[in-house]
Amino acid sequence: MFKKNAALLFLLAVVIVLSACSGNNTTPSMSCFDSLEKIAQADKFTSEMQDLTQKLANKYLNINDDLYTDIAMRIDTSKVSCDQVIFVTAKDNKSQKDIETALIEYKDNLIASYRDYIPEEVPKLNNFILKNKGLQSVFVVCSDTDTINKLLEDLWN
Amino acid sequence: MISFKKIAILALALVFLNNMVLCEPIVLNGTYSGSTIEESEAVSDDYFKDAVFIGDSLTVSIESRNLFPDTEFIAEIGTSILGASKDTIFPYKGGKKKLSELLEIYAPEKIYILIGTNTLCFAMSEDAINHYNALLDTIITARPNSLVYILTVPTLREFTLKKYKGASNKRFIAFNKRLLDLAQERHAYYLDIAALFYTSDKQVQPKKEYVTGDGLHLSMEGAQLLKDYLSKHTVKELLVNDGE
């Protein structure tokens with residue numbers, strides 16, 4: 001009896017884990033640009049935000065086209081703040097790891113730059129958001145991460 | 001009594017000289033003949049393909065606006081003139097490199113320098129000029145045959161200047177005037193872009209619409225004005241003296 005119950009419990013646990021994984025691993029169908037627009041609507045960023053071209057996004061993040069299928073990057077072009085939103089959909093799991101490593105390096109470089117330039121921006125950078133759903137990753141820097149986290153939850157669930 | 005023939009020859013010579021001075025490129029037969037450039041027909045984006053811009057956040061923000069899509073930018077936020085000449089600060093493929101190293105990698109034929117704000121907010125213009133000279137040493141040593149364009153440093157809105165003790169637009173103007181001498185001494189070309197953004201002849205702070213909310217960086221309108229100006233102020237080509 002005990003063995004049977006334990007087996008059932010184990011089976012249930014496996015089903016729960018698998019269903020949770022499959023939900024989390026579903027890459028959103030919405031394009032990176034549309035996702036970015038949804039987040040930008042929160043009006044939690046400076047007024048100087050502007051979209052970057054793919055070429056500039058590649059340069060700033062030190063990645064190349066081979067790693068992703070879609071990308072959207074919007075930053076404060078005045079450089080007065082480090083506010084920004086980046087959505088990237090990776091080609092595969094390995095590419096996604098490379099992209100996330102690049103995003104962390106990018107963030108570290110920004111911290112090094114802003115430390116002397118506008119130190120007040122550094123806490124924002126330290127409080128960055130980096131999340132993924134399926135093969136899509138999002139990187140956000142802004143002063144109100146709580147609101148952005150809630151928006152991401154709505155967007156991805 | 002001057003004959004008609006002599007007057008005609010003199011007139012022809014004057015026309016020829018006028019064409020040489022006003023219509024032809026400034027660099028004639030490979031020799032440098034002045035640091036200022038007259039306005040001419042706008043060049044296409046192709047002209048900037050083999051160019052680089054060197055600078056600080058002002059330059060980074062121009063790059064972000066994608067007005068020069070095929071041009072390389074060697075720029076980093078918060079960079080001083082001295083820092084630009086010697087420090088390992090410029091982003092390159094996820095790491096940092098020195099200006100001299102990047103000039104070797106990009107091998108530009110034209111170099112646009114737009115730097116000075118971070119220095120002028122804190123230092124007197126004489127120190128800044130010495131630093132600029134050191135920067136030109138670095139650039140000319142790395143690329144002795146490239147065209148060097150020295151861009152004046154845009155002034156700041158009054159409220160922005162108040163953030164920096166002792167900073168004033170007078171300092172920027174004095175510095176920019178010294179850049180003209182420097183351009184002449186170093187055989188570079190001087191482009192007074194700061195004047196493009198003045199509110200009026202008597203008010204040298206930039207017009208509100210040409211700068212972003214911080215009163216310092218160029219807005220899209222300001223950056224577009226800069227691009228239009230640069231496109232119309234170019235040294236066309238070096239006419240190599242082949243001995244003919």
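Each chain gets a letter, A, B and so on, in the order its sequence line appears, and its residues count up from 1.
- Looking only at atom types and distance, the side chain of S113(A) has a donor-acceptor partner in the side chain of E76(B) under 3.5 Å away.
- Summarising the local packing, CG of D154(A) is surrounded by more than 12 heavy atoms from other residues, nucleotides or ligands at distances under 6.0 Å.
- For the atom pair I63(A) CD1 and K93(B) NZ, the distance stands at 13.0 Å (nearest 0.5 Å).
- For K124(A), the NZ atom counts as densely surrounded, since its 6.0 Å shell holds more than 12 non-hydrogen atoms of other residues, nucleotides or ligands.
- The nearest pair of heavy atoms linking L56(A) to E63(B) is CD1-O, 3.2 Å.
- For the atom pair CE (M220(B)) and OG (S78(A)), the distance works out to 14.0 Å, reported to the nearest 0.5 Å.
- A donor-acceptor pair under 3.5 Å links the side-chain atoms of E48(A) to the main chain of G213(B), judged by distance alone.
- For the pair T77(A) and S64(B), the tightest heavy-atom approach, listed with the atom from each and the gap, is CG2-CB, 3.4 Å.
- Pairs of residues two or more places apart, or lying in two chains, that qualify as side-chain hydrogen bond (donor to acceptor under 3.5 Å, both in side chains) and include a residue from residues 29-45 of chain A are S31(A)-D34(A), E37(A)-R74(A), K44(A)-D144(A).
- For Y60(A), the part sitting under 4.5 Å from any heavy atom of chain B is the side chain, from C-beta outward, and nothing else.
- Closest non-hydrogen pair, K55(A) versus D70(B), comes out as NZ-CA, 3.9 Å.
- Pairs engaging residues 211-231 of chain B under the side-chain hydrogen bond (donor to acceptor under 3.5 Å, both in side chains) rule: Y117(A)-H217(B), D45(B)-K227(B), S57(B)-H217(B), T212(B)-D214(B), D214(B)-H217(B), Q224(B)-D228(B) [sequence neighbours left out].
- Distance check, rounded to the nearest 0.5 Å: CD of E72(B) to NZ of K59(A) gives 5.5 Å.
- Looking at N118(B), only its side chain comes within 4.5 Å of chain A, counting heavy atoms on both sides.
- Using a 4.5 Å cut-off between heavy atoms, I75(A) contacts chain B through its side chain alone, with no backbone atom that close.
- R65(B) CZ to L52(A) CG: the interatomic distance, rounded to the nearest 0.5 Å, is 10.5 Å.
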